[in-house]
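This chain uses plain numbering: 1 for the first residue, then up along the sequence.
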Amino acid sequence: MSRSTKSVAIVGAGLIGAAWAIVFARAGWNVRLYDVASGQTARAVEWISQRLSDLQSFSLLRDPPSVILDRIVCSPSLAEAVNGVAYVQESVLERTDVKRQTFSDLEGLLPHGALVGSSSSGIPASAYTEHVSFRSRCLVAHPVNPPYLIPVVELVPAPWTAEATVMAVRKIMLDVGQRPVSLSREIEGFILNRLQGVLLMECWKLVEEGISSVEDIDATVSHGLGLRWSFMGPFETIDLNAPGGVADYAARLGKLYHSIAASRDHHAVWSGDLVERVEGQRRRILPENGLKDRSAWRDRRLMALARDREAHASGAKTLDIQMISLDSDWQ
Ligand SMILES: NC(=O)c1ccc[n+]([C@@H]2O[C@H](COP(=O)([O-])OP(=O)(O)OC[C@H]3O[C@@H](n4cnc5c(N)ncnc54)[C@H](O)[C@@H]3O)[C@@H](O)[C@H]2O)c1
């Protein structure tokens, strides 16, 4: 993609839209921010400026914050925002009617060939793009909050999304440093929330049955499973947890997992009583007035982790080069 085509319109400048602006501008893209609410884009730019300072303090920016900020322009209208852009990242409210209207509004404004990714957390693109003439150029590109620290983006095509659209949005996401993952078709919750949902279901159940506390269940992830999961997925994890790899693991432990699954009714609802119990335990660990500070602490931890991953990635590249030169020494 040439430099002149690296322009994106972000429609909806709330939490996620502003975060997307960081992702694109940090990667050298020109960003146009648009929001229906008056004053919202200016508030977003203020917020972005603070986040860029934080990122700089963790050495996570290649360019100075002022240079990155200069790439972001607030557009007074949707027409001006999308004029000449290669890509639109729709980030309006998670409501079918609002998204549907936004896609209608793009009709006649979207440049020829421009693609539209929706940040939708759960509403499939088929629910709000069927009626537009450019529907083959639309799909869900679902980020995880905050996308400038957590790179995965789920690409979910509607039944009418062109294969070329998926491929091109995949390339755009790689270009801006994200890690796209592809789904072959729409499914509720996409991948990430389905995985999180299964784990959460068991967490609630273990509390409901009095097997363990909220604190200890969380520790099982933060001091256990999660340590590996920050750099490898569950399949790679089990591949390395049996001497013969994943098939060996399935042979050794498959029965245990089948038995656990058979013992559970995964349709169990999170009852009001149960939510109150979990809420009570959480508030004893972290009072409500500490939530904001703890969220800022989480973001700083994510920044430290991102810095470590970057250092590791460049270390791994150096290692690859050393391995290549070692290989050539052998030839
Ligand atoms: N918050 C998260 O953790 C998260 C994570 C991943 C995806 N998402 C998804 O991202 C999208 C945005 O979520 P958010 O958390 O940023 O919400 P938000 O409420 O912070 O921001 C939404 C913004 O859209 C604006 N808006 C509404 N209608 C508009 C229109 N027609 N044109 C332009 N702007 C319009 C609103 O004024 C608001 O500023 C949703 O689909 C949400 O599900 C959110």
Side-chain angles (χ1 to χ4, degrees), residues 14-16 18-19 22 47 50-51 53-55 57-60 93-94 119 121-122 142-154 179 188-234 236-238 241 256-257 260-261 263-312:
L15 187 68
I16 286 298
I22 294 177
W47 181 90
Q50 288 163 9
R51 296 290 88 71
S53 300
D54 290 347
L55 289 167
S57 67
F58 277 85
S59 310
L60 288 170
L93 297 181
E94 183 78 356
S119 299
S121 295
H142 172 232
V144 179
N145 187 40
Y148 55 85
L149 290 173
I150 304 185
V152 83
V153 180
E154 297 181 285
R179 173 59 168 93
E188 193 175 17
F190 312 141
I191 301 175
L192 189 136
N193 280 326
R194 290 186 82 85
L195 295 182
Q196 179 158 247
V198 171
L199 185 66
L200 276 174
M201 211 46 104
E202 189 61 29
C203 293
W204 288 104
K205 208 71 186 147
L206 290 171
V207 174
E208 187 171 45
E209 292 175 346
I211 304 288
S212 193
S213 65
V214 165
E215 189 170 13
D216 279 2
I217 292 167
D218 268 1
T220 309
V221 176
S222 60
H223 293 267
L225 287 170
L227 294 180
R228 287 186 301 231
W229 284 351
S230 69
F231 56 88
M232 62 167 66
E236 186 169 5
T237 298
I238 65 170
N241 273 1
L256 169 69
Y257 288 109
I260 294 169
S263 73
R264 282 297 184 222
D265 167 10
H266 280 288
H267 298 293
V269 287
W270 306 351
S271 70
D273 275 1
L274 179 58
V275 173
E276 223 170 84
R277 270 168 67 189
V278 171
E279 168 77 9
Q281 289 190 41
R282 273 303 300 162
R283 294 293 70 86
R284 275 195 289 284
I285 297 165
L286 179 69
E288 196 177 343
N289 61 11
L291 284 169
K292 210 165 160 226
D293 280 352
R294 189 71 175 170
S295 302
W297 168 85
R298 176 205 59 203
D299 287 355
R300 286 194 302 275
R301 292 291 306 230
L302 281 171
M303 288 184 199
L305 190 61
R307 189 175 52 191
D308 180 65
R309 286 170 70 101
E310 275 198 3
H312 178 79

Is there a side-chain contact between Y148 and L302 (heavy atoms, below 4.5 Å)? no

With a 4.5 Å limit on heavy-atom distance, are the side chains of I16 and P143 in contact? yes

Within the 4.5 Å heavy-atom criterion, are R179 and I150 side-chain neighbours or not? no

What distance do N241 atom CG and I238 atom CD1 have between them, rounded to the nearest 0.5 Å? 8.5 Å

If you define the side chain from C-beta out and look only at heavy atoms, does anything of L60 sit under 4.5 Å from D54? no

Looking only at heavy atoms, the pair that brings L305 and S230 closest together is CD2-CB, 4.5 Å

Report, one line per pair, each donor and acceptor closer than 3.5 Å where one atom sits in a side chain of residues 207-228; sequence neighbours left out.
residue: E208; atom: OE1; partner: K205; partner atom: NZ; Å: 3.3
residue: E209; atom: OE1; partner: R264; partner atom: NH1; Å: 3.4
residue: E209; atom: OE1; partner: R264; partner atom: NH2; Å: 3.2
residue: E209; atom: OE2; partner: R264; partner atom: NH1; Å: 2.8
residue: S213; atom: OG; partner: D216; partner atom: N; Å: 3.1
residue: T220; atom: OG1; partner: D216; partner atom: O; Å: 2.7
residue: S222; atom: OG; partner: D218; partner atom: O; Å: 3.2

Under the salt bridge (charged side-chain N to carboxylate O under 4.0 Å, His left out) definition, can you give me all pairs with a residue in residues 291-302, not counting sequence neighbours? none

Return the set of residues passing side-chain hydrogen bond (donor to acceptor under 3.5 Å, both in side chains) with Q281 (not counting sequence neighbours), or none when no residue passes. none

Could you state the interatomic distance from CG (L199) to CE (M201), rounded to the nearest 0.5 Å? 11.0 Å

Starting at CG of L195, measure out to CZ of F190 and round the result to the nearest 0.5 Å. 13.5 Å

Are the side chains of L200 and W270 in touch, meaning some heavy atoms are under 4.5 Å apart? yes

Got more than 12 heavy atoms from elsewhere within 6.0 Å of CD, Q50? yes

Atom pair CE/CG of M303 and L149 - distance to nearest 0.5 Å: 5.0 Å

Side chain to side chain contact (heavy atoms under 4.5 Å, CB included) for R307 and L55? Distances and angles first, verdict last. CA-CA 10 Å; R307 189 175 52 191; L55 289 167; over 6 Å; no

